[in-house]
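See structure below.
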Amino acid sequence: MRVRFAPSPTGALHIGGARTALYNWLLARGAGGALLLRIEDTDRERSTPENVEQILDSLRWLGLDWDEGPFFQGERAERHREQIAALVRDGHAYEDEGAVRLRVPEDGATVVADVIRGEVRFEHAAIQDFVIARSDGSPLYNLAVAVDDLDMSITHVVRGEDHLSNTPRQVMVLRALGAEPPLYAHLPLLHGPDGKKLSKRHGAASVEDLRDAGYLPEAVRNYLALLGWGYDETTTFFTTAELVERFSLDRVSRAPAVFDEPKLRWMNGRYLRELDEQELARRLEQRLGRDGLRAPVRIAREKLQTLADFWPLAAFLVERQPFDEDAWGRIMGEGDAEREAAERLARARSALAGVDPFDEQPVEQTLRGLVEELGVKPKAVFQPIRLAISGSSISPGIFESVALLGREETLERIDAALARVREG
RNA sequence: GCCGCCAUCGUCCAGGGGACUAGGACGCCGCCCUCUCACGGCGGAAACCGGGGUUCGAAUCCCCGUGGCGGUACCA
């Protein structure tokens, strides 16, 4: 089995393209065959180093490798011209105002064998003699693709459904060249939540967007595999090895799918929590360009769905944060309420000052003791502390956070909050 | 216009003549857990596009309609 992924080098790798790449990769790996990469671009102007590198980067990030390539279609122009000349010589094509057209028979039909859709029949009467070379002699897509697939001995062409209507033309070129076409599989398209073609308006639209949004490549692989394919009634999580083993084209659905980011977020959170602490810290440190995040990761990880969620939640553990005014208003209140909250905070300060060792357990014991002593609800004591140390109403567990900050830092931050109350 | 593809909960995927009172997941709602936010647990609402046919029996097969999408370039 020889399979190719053939992106157009127009820049970012679209999510739909990423799924096509994944399916090709799973197929190649599952069969122990080769995946080859061809940059589909008869007009080599578009294959700028930046555009190509962007695509390769996205594929690498996804963990999809290739055995051969990338090949550039633009570099094969001589071979394409050769075959165009051969088609004219053999009477399969003719010149028309400088351009070269392939002869399409008046009668009959070309049947495309599609693994996903069955046999799709295209009547010749509805297809014009189509152009395979421009007046300047340069080859057109439908010619170039057919010649390349043939020369590269491609056995399976897996691509988006938008190519289905072009396929009979490619099959006709192949037959005119005396070759049998490969097996085709046209994947359903991917849409945004509004049913329209997926675009930046919908949020993430490219692999780059997904990386920036803090998704893990292993989660993206799992999610993408399930957009248009299902293994059985209940299985949702697949290791990549399982995908390689179980993926098959005959279970790919025919209907378009909607890219649903909330489900990816959920799945990403599951993958995030399965990562061991050290590995998660490593990825976050790399992403944020910082060191020493191991401890914050330990206490914040259960609340994360994406890597991007970490810093807003845990930055206060590394550096002091300004107070969130809304949170202050909600937690401290005004007037008497604020004075009472401040009083509880002051009591917490005194209690914490005497905790030794300043570890999670003793901190919890002390603060719960204070709650009992004051006869108030736990949050009446804990929320002002949370606000004082984090500046926010949301944080990892209060005991872990306080213990991690240490006595000195915790007391300083509480003092700063109390000073703010005094100063109005 | 013409050609082609498609149609099960809001979304993704199962089910492909009887096991369907249609299954799982996300999301949503409720309850539990709880120091916030999450996580986790339990429960709930939620779908076979419409009409004809075939059949003892249709979500499943066929036809028509409707709707969505794609193509119809000297683009890829």
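All values derive from a computational prediction rather than experimental measurement. For the numbers below, each heavy atom of this structure counts, side chains included, while hydrogens, waters and symmetry mates do not. Convention: sequence-line order gives letters A, B, ...; per-chain numbering from 1.
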Quiz prompt | Identified salt bridge (Lys or Arg N to Asp or Glu O under 4.0 Å) counterpart of A:D149 within the set A:R4, A:R159, A:R76 | solution =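 It is A:R4; the other options fail the test.
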For nucleotides 20-23 of chain B, tabulate all protein N/O to nucleotide N/O atom pairs closer than 3.5 Å, reporting atom names and distance.
residue	atom	partner	partner atom	Å
B:G23	O2'	A:E233	OE2	2.7
B:G23	N2	A:E233	O	3.3

Go through the structure and list residues passing side chain to side chain donor-acceptor pair (under 3.5 Å) with [X], not counting sequence neighbours.
X	answer
A:R298	none
A:W229	none
A:D107	none

Using a 4.0 Å heavy-atom cut-off, does [X] contact any base of the nucleic acid, only the sugar-phosphate backbone, or nothing at all?
X	answer
A:R386	base
A:I398	base
A:F259	nothing
A:R265	nothing
A:R159	nothing
A:P396	base
A:G228	sugar-phosphate

Quantified in whole Å, what is the [atom1] atom distance between nucleotide [N] and nucleotide [M]?
N	M	atom1	value
B:A14	B:A25	C1'	11 Å
B:G53	B:A59	P	15 Å
B:G41	B:C33	P	16 Å
B:G30	B:A47	C1'	22 Å
B:A45	B:G27	C1'	13 Å

Hey, does [Y] have a side-chain heavy atom less than 4.5 Å from the side chain of [X]?
X	Y	answer
A:E68	A:R38	no
A:L62	A:L22	no
A:R413	A:I385	no
A:R175	A:P181	yes
A:H124	A:E106	no
A:L35	A:W25	yes

Of all the choices, [options], which nucleotide is nearest to the side chain of [X] once you look at every atom?
X	options	value
A:P256	B:C26, B:C6, B:G40	B:C6
A:I394	B:C6, B:C35, B:U36	B:U36
A:K263	B:C13, B:A25, B:A76	B:A25

Could you tell me how far apart [X] ([atom1]) and [N] ([atom2]) are, to the nearest whole angstrom?
X	N	atom1	atom2	result
A:E400	B:A38	CD	C1'	13 Å
A:R330	B:C35	CZ	P	19 Å
A:R301	B:C37	CZ	C1'	17 Å
A:Y141	B:A76	OH	P	9 Å
A:R117	B:G16	CZ	P	20 Å
A:L198	B:G68	CG	C1'	16 Å
A:Y23	B:C13	OH	P	8 Å
A:W266	B:C28	CH2	P	13 Å

Self-check item: Working for ring-ring contact (aromatic ring centres under 6.0 Å, His included), residues A:F399 and A:F382
Solution: CA-CA 9 Å; A:F399 315 120; A:F382 298 157; 5.3 Å; yes
Exercise. Just jot down the ring pair (Phe, Tyr, Trp, His ring centres under 6.0 Å) partners of A:F323, sequence neighbours excluded, or say none.
Key: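 So A:F323 forms a ring pair (Phe, Tyr, Trp, His ring centres under 6.0 Å) with A:W328.
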Exercise. Please identify each residue that fulfils salt bridge (Lys or Arg N to Asp or Glu O under 4.0 Å) with A:R251, with sequence neighbours left out.
Key: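 Once residues adjacent in sequence are excluded, A:R251 has no partner under the salt bridge (Lys or Arg N to Asp or Glu O under 4.0 Å) criterion.
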Quiz item: So what does the secondary structure string of RNA chain B come out as, 5' to 3', with Watson-Crick or wobble pairs under 3.5 angstrom, [ ] for crossing and | for pairs with another strand?
Solution: ((((((((.[[[[.)..(....]]]].(((((.......)))))....[[[[[..)....]]]]])))))))....
Any [X] side-chain nitrogen or oxygen under 4.0 Å from OP1 or OP2 of [N]:
X	N	answer
A:R46	B:A76	no
A:R251	B:G15	yes
A:S253	B:C13	yes

Quiz prompt | Close aromatic pair by centroid cut-off 6.0 Å: A:W266 and A:F237 | solution =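 Yes, the ring of A:W266 comes within the 6.0 Å limit of the ring of A:F237, centre to centre.
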Quiz item: Are A:F238 and A:F247 an aromatic pair by the rule of ring centers under 6.0 Å?
Solution: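 Distance test on ring centres: not under 6.0 Å, no.
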Listing time: all N or O pairs from protein to nucleotides 45-48 of chain B that are below 3.5 Å?
none

Quiz item: So A:H80 and A:D148, side-chain hydrogen bond (donor to acceptor under 3.5 Å, both in side chains) or not? Walk me through it.
Solution: CA-CA 8 Å; A:H80 297 149; A:D148 291 353; 2.8 Å; yes
All N/O pairs under 3.5 Å across the protein-nucleotides 70-74 of chain B interface:
residue	atom	partner	partner atom	Å
B:G70	N2	A:S165	OG	3.2
B:C74	O2	A:S135	N	2.8
B:C74	O2	A:S135	OG	3.0
B:C74	N3	A:S135	OG	2.4
B:C74	N4	A:E97	O	3.2

Quiz prompt | RNA chain B contacts made by residues 302-319 of chain A, counting heavy atoms under 4.0 Å | solution =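 The stretch gives A:E302, A:K303 as the residues lying under 4.0 Å from the strand, ordered by number.
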Quiz item: Would you say the side-chain atoms of A:S58 pair up with the backbone N or O of A:Q54, donor to acceptor, closer than 3.5 Å?
Solution: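 At least one qualifying donor-acceptor pair exists.
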Quiz prompt | side-chain contact (heavy atoms from CB on, under 4.5 Å) against A:A353, all qualifying residues, sequence neighbours excluded | solution = A:R349, A:L411
Exercise. Tell me, please, which residues at least two apart from A:L183 pass side-chain contact (heavy atoms from CB on, under 4.5 Å).
Key: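 Result, side-chain contact (heavy atoms from CB on, under 4.5 Å) vs A:L183: A:A113, A:V115, A:H156.
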